[in-house]
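In this chain, residues are counted from 1 in sequence order.
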Amino acid sequence: MRHSYACPLRWSDMDAFGHVNNTVYLRYLEEARIDFLALAARVADPEAFTGGTVVARHEIDYLRQLVHRADPVTVELWVVKLTAASVTFAYEIKDATGGGGPYVRARTVVAPYNIKEGYPRRLSPAERSFLEGYFDDSHRG
């Protein structure tokens, strides 16, 4: 299963060349990830990811230019790898209709983190169970 997030485009997202700046895509990914971890995961378990998370790695492939428009883009997020102390998310940023293919494909490695104590921690059984429901291999064709 994939998590979908409707991400609005902002006029300030564009650069001098008239398309969405490459660094802005990281914010789109972050917004989808926060929607997933801070909202969807907490419906399943109110304590899920409340201690925080940190990004360990980003990987982005820019596939098509995106220009400002009124309609949001869809950021789809799914799990591709789970370890005891990290999760790897894959993403596609595309039009809601899916036409034309994705603008971006990306991956992010995230580690749960104990912000109070200042160190990474292991995934809880409830967090792991929630994340396991979001494995999706349909993008492999």
Side-chain angles (χ1 to χ4, degrees), residues 1-15 17-141:
M1 175 167 52
R2 293 185 180 193
H3 176 77
S4 288
Y5 173 71
C7 185
L9 305 180
R10 296 147 198 97
W11 184 256
S12 62
D13 293 348
M14 289 191 305
D15 62 18
F17 299 110
H19 59 259
V20 172
N21 186 275
N22 65 307
T23 62
V24 172
Y25 289 102
L26 287 171
R27 188 176 42 188
Y28 295 169
L29 302 179
E30 177 185 53
E31 289 180 28
R33 196 171 55 255
I34 296 299
D35 185 67
F36 181 67
L37 294 175
L39 299 176
R42 291 192 189 150
V43 169
D45 175 15
E47 298 300 314
F49 302 103
T50 56
T53 59
V54 293
V55 170
R57 178 183 171 92
H58 282 301
E59 195 177 309
I60 301 176
D61 293 322
Y62 301 96
L63 306 171
R64 294 193 301 142
Q65 282 190 15
L66 176 60
V67 296
H68 186 269
R69 81 277 181 102
D71 295 329
V73 290
T74 297
V75 182
E76 290 187 346
L77 170 154
W78 63 98
V79 174
V80 293
K81 183 178 178 183
L82 268 176
T83 70
S86 72
V87 55
T88 302
F89 294 114
Y91 314 80
E92 285 185 348
I93 298 176
K94 56 190 178 181
D95 293 320
T97 61
Y103 294 100
V104 164
R105 285 195 178 108
R107 287 185 180 222
T108 302
V109 178
V110 173
Y113 200 78
N114 183 324
I115 292 175
K116 271 186 168 179
E117 303 296 324
Y119 60 84
R121 64 172 180 81
R122 296 193 175 272
L123 289 164
S124 73
E127 291 167 340
R128 181 180 260 312
S129 176
F130 172 76
L131 292 168
E132 285 172 347
Y134 284 89
F135 275 103
D136 181 283
D137 288 332
S138 66
H139 66 287
R140 296 179 194 265

Under a 4.5 Å cut-off applied to non-hydrogen side-chain atoms, are [X] and [Y] in contact?
| X | Y | value |
| --- | --- | --- |
| D136 | E76 | no |
| H58 | T108 | yes |
| H68 | D13 | no |
| E30 | L26 | no |
| F89 | L29 | no |
| E31 | V75 | no |
| R33 | V55 | yes |
| L66 | Y25 | yes |

Short question: side chain of R10, backbone of S12 - any donor-acceptor pair under 3.5 Å?
->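 It does not hold such a pair.
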May I ask you to decide if A111's main-chain N or O and R121's side chain share a donor-acceptor pair within less than 3.5 Å?
->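 No, the answer is negative, given that no donor and acceptor are paired below the 3.5 Å cut-off.
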Kindly check if the number of other-residue, nucleotide or ligand heavy atoms within 6.0 Å of CZ (R64) is above 12?
-> yes
In Å and rounded to the nearest 0.5 Å, what is the [atom1] to [atom2] distance from [X] to [Y]?
| X | Y | atom1 | atom2 | result |
| --- | --- | --- | --- | --- |
| E47 | R42 | CD | CZ | 8.5 Å |
| M14 | N21 | CE | CG | 11.0 Å |
| Y91 | Y5 | OH | OH | 12.5 Å |
| N22 | Y62 | CG | OH | 4.5 Å |
| L123 | F49 | CG | CZ | 5.5 Å |
| Y103 | E92 | OH | CD | 13.0 Å |

Taking all atoms of both residues into account, what is the closest heavy-atom pair of [X] and [Y], and its distance?
| X | Y | result |
| --- | --- | --- |
| Y134 | W78 | O-CB, 3.3 Å |
| T74 | A96 | OG1-CA, 3.4 Å |
| A126 | D45 | CB-OD2, 3.2 Å |
| L131 | F36 | CD2-CE2, 3.7 Å |
| Y28 | C7 | CD2-SG, 3.4 Å |
| L63 | P102 | CB-O, 3.6 Å |

Walk me through it: do E132 and V79 pass the test side-chain contact (heavy atoms from CB on, under 4.5 Å)?
-> CA-CA 7 Å; E132 285 172 347; V79 174; over 6 Å; no
